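Labels below follow one simple rule: chain letters A, B, ... track the order of the sequence lines, proteins then strands, and each chain is numbered from 1. Keep in mind the model is a prediction, meaning the values are calculated, not measured.
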Number of protein chains: 2
Amino acid sequence: MRFQLSSGLSIVVCLGCFSAFLLKYLSGSGGKKKEDVEKETGLGLIKKKNENFEEWYSEVVVQGEMIEYYDISGCYILRPWTMAIWETMQAFFDAEIKKMKIKNCYFPLFVSPAGLKKEKDDIEGFAPEVAWVTKSGKSELEVPIAIRPTSETVMYPYYSKWIRGHRDLPLKLNQWCNVVRWEFSNPTPFIKSREFLWQEGHTAFATKEEADKEVLEILELYRRIFEEYLAIPIVKGKKSESEKLADGLYTTSVEAFVPNTGRGVQGATSHCLGQNLDITYENEKGEKAMIWQNSWSYSTRTIGVMVMVHGDDKGLVLPPKVASIQAIVIPVPSKDADTHVIFDACLKIVAQLSEAGFRVEADLRDNYSPDWKYSHWELKGVPLRIEIGAEGLEKKQVGCVRRDNCVKVDIPVVDLVKEVKDMFDKIQQNLFDVAKQKRDASIQVARTWDEFTVALSNKKLILAPWCDEHEVEENVKIRTKSAIGAAKSLCSPFDQPELPEGTLCFASGKPAKKWTYWGRSY
Amino acid sequence: MRFQLSSGLSIVVCLGCFSAFLLKYLSGSGGKKKEDVEKETGLGLIKKKNENFEEWYSEVVVQGEMIEYYDISGCYILRPWTMAIWETMQAFFDAEIKKMKIKNCYFPLFVSPAGLKKEKDDIEGFAPEVAWVTKSGKSELEVPIAIRPTSETVMYPYYSKWIRGHRDLPLKLNQWCNVVRWEFSNPTPFIKSREFLWQEGHTAFATKEEADKEVLEILELYRRIFEEYLAIPIVKGKKSESEKLADGLYTTSVEAFVPNTGRGVQGATSHCLGQNLDITYENEKGEKAMIWQNSWSYSTRTIGVMVMVHGDDKGLVLPPKVASIQAIVIPVPSKDADTHVIFDACLKIVAQLSEAGFRVEADLRDNYSPDWKYSHWELKGVPLRIEIGAEGLEKKQVGCVRRDNCVKVDIPVVDLVKEVKDMFDKIQQNLFDVAKQKRDASIQVARTWDEFTVALSNKKLILAPWCDEHEVEENVKIRTKSAIGAAKSLCSPFDQPELPEGTLCFASGKPAKKWTYWGRSY
């Protein structure tokens, strides 16, 4: 991994201070202008996470080399630092669904208008965002062709064709692909982009029981992606009638939360579509019956949530399980020491840790000071830094600095493999624990409308007793509408707190039926 | 893997004869009409490979459940049977390029017209095939946006931005993605489709030596995909000036050949673009210098070549290394035998072989006869069939039938793992050997124009001494133009036969400079 530095810069190489550095990539999205900001204090970010979250986010994804802004608004270049994370999650999820006998396929990017109209309710939601191809070369197409915003309408006519008898069930397909939703409001890297990468699973069963079971099995895989890989606590729950997939029977989701902005994030969804798509087959008794369908997906949006939750004023903070470099080895030369000896020791440590299965690299560039390198790899979010100097080598030890809590410890070289493994486990766990602590500290119970509005303005994740009526939710949206969006239900957690008889809905005053999380969301 | 059978069919289940079966999916491409053909003789294909190659091909990819035709011409659904092959090749290639320190990234699907124009020569070749998005929802876009036919013009402006100094080199990126070329002539599954999947590598170096070296390293990986995975012999060589990438310095390729049609297939290309893209950086001496660039790609087209080369009148023939099911276990019940015992034995064999790392499944469906299953799995191209009956079990042996040569042997159960491994190796090798024998038998040396035209009409892969002049090749194209296309140079093989002094060009009569392969091509 090379750091792209403008040539011709003069860099003050000295220990104990940051080198001057020209920030190159601070180019804003949408209407924002490019800025070239000379920064005397080093590699750190200009914006602070707590002071200006949105600009901090735009800065950290670019400076951390995850994203490059592109010359079409709302489209982003996913750089290798991002793709390695995506591929790690993909390898996990793909192996798990293969165990479930779900098979990968690939359906076309293009949808004919006839196809698009088939599932009219569903697609109406997407209609304003559908991109249309009307020309090839200099010729007008006879019929404009849509680009998939999702593949329900692309795939289900073929399900209908393939599923004739009960022996054709279950049919369980998944695809990894790009989809396009030409949104115009607030493009944000990962979180809201016009093209994004995702997987979409589409399955069909003979019985509701099988469909229900799979919905939850997939949801559990999504929980694991967030909690075990990205170290982000989520709530598993069910969406309200307003928030579920229009054509579906019910929608489950994993919901994350960004304390800095007080916004919920729908992390991934697992839908039971019920029998709403009217695909019939001949069951074992020779009768015409309808299939039960599910669909489920998660996208590169997950990576944006990870950046938002863990990143800090120094830059990205990557969980070891997804970081493409888990530890960076940095030589610390000193006046009297033989640099070659130190460099050799660095390479030896890299070999030893790589051998043990860790993703480790050494930064042996001779044109940057150790301090510059510390800042650089902190900005990139590498979980562990290993400093190797003459003094430590004499004592047969190296210095290890954790990115998550900045704690430095000296580790005897003989124990390094064991200790590094231990530190990765601890970093992974600590990131989750800290994120959960912050998330939990944001949860506020609101039993009345007043409590609700105060909590909302305090950027809380609001847990409120609710009557579960559609009109009441719509009314909440109207009453909370503002320049920064309206509040809505996020999910009714599966894990329900006790709801004593006589508890009233925070919004309608009617008898409450369940606890539900509310808030603004991405 | 379930076979999609229309419900309500009456199937004659008996040993020794084929069951009646309704072919459902015989839908033609382009202007062809759907046909529903009732076929009394079983599951075999209607068309013969040697009699009507094109229709045989359309039939086998659909009946073998690799492809489903789609309601937009030139777009195809890649079914799981295809995707498993693609993923196997992808896993191999991705791991190999990662060893070469090439990193994956993802650039947007969309290209602004400004971007598209930057590399004008290159893109002019694609211009008539570029699909344009002009609308989102009901709004006209201010500026139409192109869909990538390839990503040179998408990526290189960012290379120019990222590469400032010599320390930014080499920059080696790859992406796995879909691309769109809205061709109008002869859409053919895998071989010519409007959207296809591929990888595209784009790399930049400080020196020509590094670029040259990588071109050949990548080409060797492509050779391995064809020869080691798909069991297809190729010729490695260099493209002529007419056939190389317009903007590039030189193009290397692996060239396959389809004896039935006498057409060459460009299997994959590895280009050295030279310094033609004018991206500069500051070299180690502080001087302005230009980078050396390569690009290289292979696509789902490879899978079509595999079908064309190995398939036969019974259906697909898959090489064991890429088959998603390498062996299918089929119970052969008999009157006096206990079916449960046989079924249990099948499951045990599956477990034993899966344990050993093979991809094996049992077909225990009770509504199909063994013969029906034999035909079904032959159609799908599974490399090995394992038949398990009462008689064999008594002798502690099973019957194994190879798909490639139909040879049946009885194998003692205790030796099964070893023998199956051996058979897979032999099948893989035999497929390659047979394909190579056929390919080699098609090679015809032509030293004169008359020999050349005779060989061409005999569907030969023509090896001819050539003066290597652009005008002469253009002239060959004009002189051989016909309804089935013109002949052109395929490649000049790296492995050159001796060219005695005084040898003349087959087409111009001038002194020949090299041996070159010629033919019609896909």
Considering only heavy atoms, which portion of [X] lies under 4.5 Å from any heavy atom of chain A: side chain, backbone, both, or neither?
{"X": "B:Ile72", "result": "side chain"}
{"X": "B:Gln175", "result": "neither"}
{"X": "B:Val180", "result": "side chain"}
{"X": "B:Lys98", "result": "side chain"}
{"X": "B:Phe110", "result": "both"}

Quick check: closest heavy atoms across [X] and [Y], and the distance to 0.1 Å?
{"X": "B:Tyr69", "Y": "B:Pro189", "answer": "OH-CG, 3.5 Å"}
{"X": "A:Val360", "Y": "A:Ser354", "answer": "O-OG, 4.1 Å"}
{"X": "B:Asn104", "Y": "A:Met83", "answer": "O-CB, 3.4 Å"}
{"X": "B:Ile147", "Y": "B:Val130", "answer": "O-CG1, 4.3 Å"}

Honestly, the part of A:Tyr158 sitting under 4.5 Å from a heavy atom of chain B is side chain
Please flag which part of A:Thr134 lies under 4.5 Å from any non-hydrogen atom of chain B: side chain, backbone, both or neither.
-> both
Counting heavy-atom pairs under 4.5 Å to chain A, which of [options] comes out on top?
{"options": "B:Phe107, B:Tyr70, B:Trp182", "answer": "B:Tyr70"}
{"options": "B:Cys75, B:Pro108, B:Ser324, B:Pro144", "answer": "B:Pro108"}
{"options": "B:Ala131, B:Gly286, B:Ser139, B:Ala84", "answer": "B:Ala131"}

Top of A:Asp94, A:Thr82, A:Val154 for chain B proximity - count of heavy-atom pairs under 4.5 angstrom = A:Val154
Considering only heavy atoms and a distance below 4.5 Å, find which of A:Thr300, A:Asn174, A:Leu197 pairs most often with chain B.
-> A:Leu197
Give me the ring orientation class for A:Trp372 and A:Tyr368: parallel if the planes are under 30° apart, tilted from 30 to 60°, perpendicular past 60°.
-> parallel
With a 4.0 Å cut-off, would you call B:Glu282 and B:Arg164 a salt bridge?
-> no
Neighbour count above 12 (heavy atom, 6.0 Å) for B:Glu287 CD | yes
Cation over ring face, B:Arg79 and A:Trp162, 6.0 Å, 45° = yes
